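Below: one structure, written as structure tokens.
Because the structure is a prediction, the values reported are computed rather than measured. Letters go in sequence order (proteins before strands), and every chain restarts at 1.
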Number of protein chains: 2
Amino acid sequence: MEDRVKQIKQQLSAHNYKLTPQREATVRVLLENEEDHLSAEDVYLLVKDKAPEIGLATVYRTLELLSDLQIIHKLNFGDGVTRYEFRAEGAEHHHHHLICLNCGTVDEIMEDLLGPIEVQVEREYDFQIIDHRLTFHGICHRCKGKVTDPKKLVGSKVT
Amino acid sequence: MEDRVKQIKQQLSAHNYKLTPQREATVRVLLENEEDHLSAEDVYLLVKDKAPEIGLATVYRTLELLSDLQIIHKLNFGDGVTRYEFRAEGAEHHHHHLICLNCGTVDEIMEDLLGPIEVQVEREYDFQIIDHRLTFHGICHRCKGKVTDPKKLVGSKVT
DNA sequence: ACACTATTAGATAATAATTATTTTAAAACC
DNA sequence: GGTTTTAAAATAATTATTATCTAATAGTGT
């Protein structure tokens, strides 16, 4: 934990940014909730415990900054809010997500899986891939059996 | 074109909805711009040429309805607007997109490509896949050579 | 054709997320 | 220590989308 904070501090200062107390509090909240996919509002509420005087705009600015420096990733699950998660250290690419259409839970797929497909796409479409986003929408193991007509669930929920 | 309008009319009436003049105008705009990824605002402006009295709320309602009936798909490219596109007729799954980080152009990948991966994911994660979204972010063939440091482009743009 | 009922549209207000602005405070640098 | 720069706070503004409420329209049965 401390190592990672220190590392982020270095990443910031490498671009002439400082790890202010507000930024540090925000980073710590993100680190402490690494498995979740927090929205700016979520982060704001959690950060307030550590630093009650912080403003929502500061949280937004910090998240934007961390995102610019590619320390965190922005995610969009189509629910109208941007979510944030730490970029896996050293990982070339982003991992993937499983979104349950029944309960809304988001699980992670930590394998890349797309390697061969990317090679094919780069060749066929003459497109240089830098990043990707892959999300599967369906029924998670917890909801299996509870859902009678899965197709009905898709509707306008998926984006 | 007329066939497709007629077909949509049937899909609507199968669920007790009518193809009102406003809805028809909206559908026609979507059909005429099938290659694009229009936002609600885009659709609204285009529909106004055909039916100047239409309201923005009606366009939103119509898009939501078409989306519920799975006649169109909602898309989210992380630019803060929901975009819409026709669902390929008879296609089991959604196709994929190539987004250029330099010029913003969105190209289509019409092949599915994910078949084997889905089988693997369903088995390994005990997750029943109903739909998916796959987007590659990078440099399109048009911008190739124009971009010196592609990695720089990622930043906070990708969600 | 006519009244009746339900559906849909229009207009506009409300909401919600995010961004911009303006002022104030903190830090860094001579 | 005074000055310049950088970031934060507070709040206003913007933008996309949704909700509300009334009026129009279209079927339905008589």
Side-chain angles (χ1 to χ4, degrees), chain A residues 8-9 11-27 29 37-48 50-69 72 74-84 155-159, chain B residues 8-29 37-48 50-69 72 74-84 155-159:
Chain A
I8 287 160
K9 181 173 185 171
Q11 288 177 269
L12 285 173
S13 65
H15 292 86
N16 294 331
Y17 295 110
K18 305 165 214 172
L19 187 66
T20 63
Q22 293 89 339
R23 285 176 185 167
E24 181 168 341
T26 305
V27 163
V29 162
H37 303 92
L38 302 177
S39 67
E41 188 79 29
D42 294 337
V43 174
Y44 174 62
L45 294 173
L46 289 166
V47 172
K48 286 212 111 178
K50 291 186 199 300
E53 2 58 62
I54 203 170
L56 177 56
T58 301
V59 171
Y60 269 104
R61 270 187 302 247
T62 302
L63 292 171
E64 192 67 16
L65 174 61
L66 294 172
S67 186
D68 277 338
L69 298 182
I72 61 176
K74 283 187 180 182
L75 302 176
N76 203 316
F77 295 143
D79 59 351
V81 259
T82 303
R83 299 182 175 279
Y84 302 86
S156 67
K157 280 194 232 168
V158 180
T159 61
Chain B
I8 288 160
K9 182 173 183 169
Q10 284 166 359
Q11 289 178 269
L12 285 173
S13 64
H15 293 85
N16 293 330
Y17 294 110
K18 304 165 213 172
L19 186 65
T20 63
Q22 293 88 341
R23 285 177 185 166
E24 182 169 339
T26 305
V27 163
R28 285 184 186 276
V29 162
H37 303 92
L38 302 177
S39 68
E41 188 79 27
D42 294 338
V43 174
Y44 173 62
L45 294 173
L46 289 166
V47 172
K48 285 212 114 179
K50 292 185 199 300
E53 1 59 62
I54 203 170
L56 178 57
T58 301
V59 171
Y60 269 104
R61 272 187 302 241
T62 302
L63 292 170
E64 192 67 18
L65 174 61
L66 294 172
S67 186
D68 277 340
L69 298 182
I72 61 176
K74 283 188 181 181
L75 301 176
N76 202 316
F77 295 143
D79 60 351
V81 257
T82 303
R83 298 182 175 279
Y84 301 87
S156 66
K157 281 193 232 167
V158 180
T159 61

Could you list the protein-to-nucleotides 7-11 of chain C atom pairs, N/O on both sides, closer than 3.5 Å?
{"from": "C:dT8", "atom 1": "OP1", "to": "B:Lys18", "atom 2": "N", "distance (Å)": "3.3"}
{"from": "C:dT8", "atom 1": "OP1", "to": "B:Arg23", "atom 2": "NH1", "distance (Å)": "3.1"}
{"from": "C:dT8", "atom 1": "O5'", "to": "B:Arg23", "atom 2": "NH2", "distance (Å)": "3.3"}
{"from": "C:dA9", "atom 1": "OP1", "to": "B:Thr20", "atom 2": "OG1", "distance (Å)": "2.5"}
{"from": "C:dA9", "atom 1": "O3'", "to": "B:Gln22", "atom 2": "NE2", "distance (Å)": "2.8"}
{"from": "C:dG10", "atom 1": "OP1", "to": "B:Gln22", "atom 2": "NE2", "distance (Å)": "3.4"}
{"from": "C:dG10", "atom 1": "OP1", "to": "B:Glu53", "atom 2": "O", "distance (Å)": "3.2"}
{"from": "C:dG10", "atom 1": "OP2", "to": "B:Gly55", "atom 2": "N", "distance (Å)": "3.2"}
{"from": "C:dG10", "atom 1": "OP2", "to": "B:Thr58", "atom 2": "OG1", "distance (Å)": "2.8"}
{"from": "C:dG10", "atom 1": "N7", "to": "B:Arg61", "atom 2": "NH2", "distance (Å)": "2.9"}
{"from": "C:dG10", "atom 1": "O6", "to": "B:Arg61", "atom 2": "NH1", "distance (Å)": "3.3"}

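Counting to the nearest Å, the C1' atom of D:dA7 and the CD atom of A:Glu24 are 15 Å from each other. For A:Glu41 and C:dA17, the CD to C1' distance is 9 Å, given to the nearest whole Å. As rounded to whole Å, 11 Å separates atom C1' of C:dT19 from atom NZ of A:Lys74. If you take OH of A:Tyr60 and C1' of C:dT18, they are 5 Å apart, rounded to a whole angstrom. The CG atom of A:Leu56 sits 17 Å away from the P atom of D:dA13 (whole-angstrom rounding). Regarding B:Lys157, its NZ atom lies at a distance of 19 Å from the P atom of C:dT18, rounded to whole Å. In this structure, A:Leu12 places its CG atom 17 Å from C1' of C:dA28, rounding to the nearest Å. Put simply, CG on B:Asn76 is 15 Å from P on C:dA17, counting in whole angstrom units.
Ring centroids of A:His37 and A:Tyr84 are separated by 6.0 Å or more, keeping the two rings apart.
B:Thr82 comes within 4.0 angstrom of the backbone, heavy atoms only, and of no base.
For the residue pair B:Lys74 and B:Ser67, the shortest heavy atom distance occurs at CG-OG, 3.6 Å. Here the shortest heavy-atom pairing between B:Lys48 and B:Ile54 reads CE-O, 3.8 Å.
One finds no salt bridge joining B:Asp79 and B:Lys157 here, because no Lys/Arg side-chain nitrogen approaches an Asp/Glu carboxylate oxygen to under 4.0 Å.
Residue A:Lys9 qualifies as open at atom NZ: its count of foreign heavy atoms under 6.0 Å is 12 or below.
There is no side-chain donor-acceptor pair under 3.5 Å between B:Arg23 and B:Thr26.
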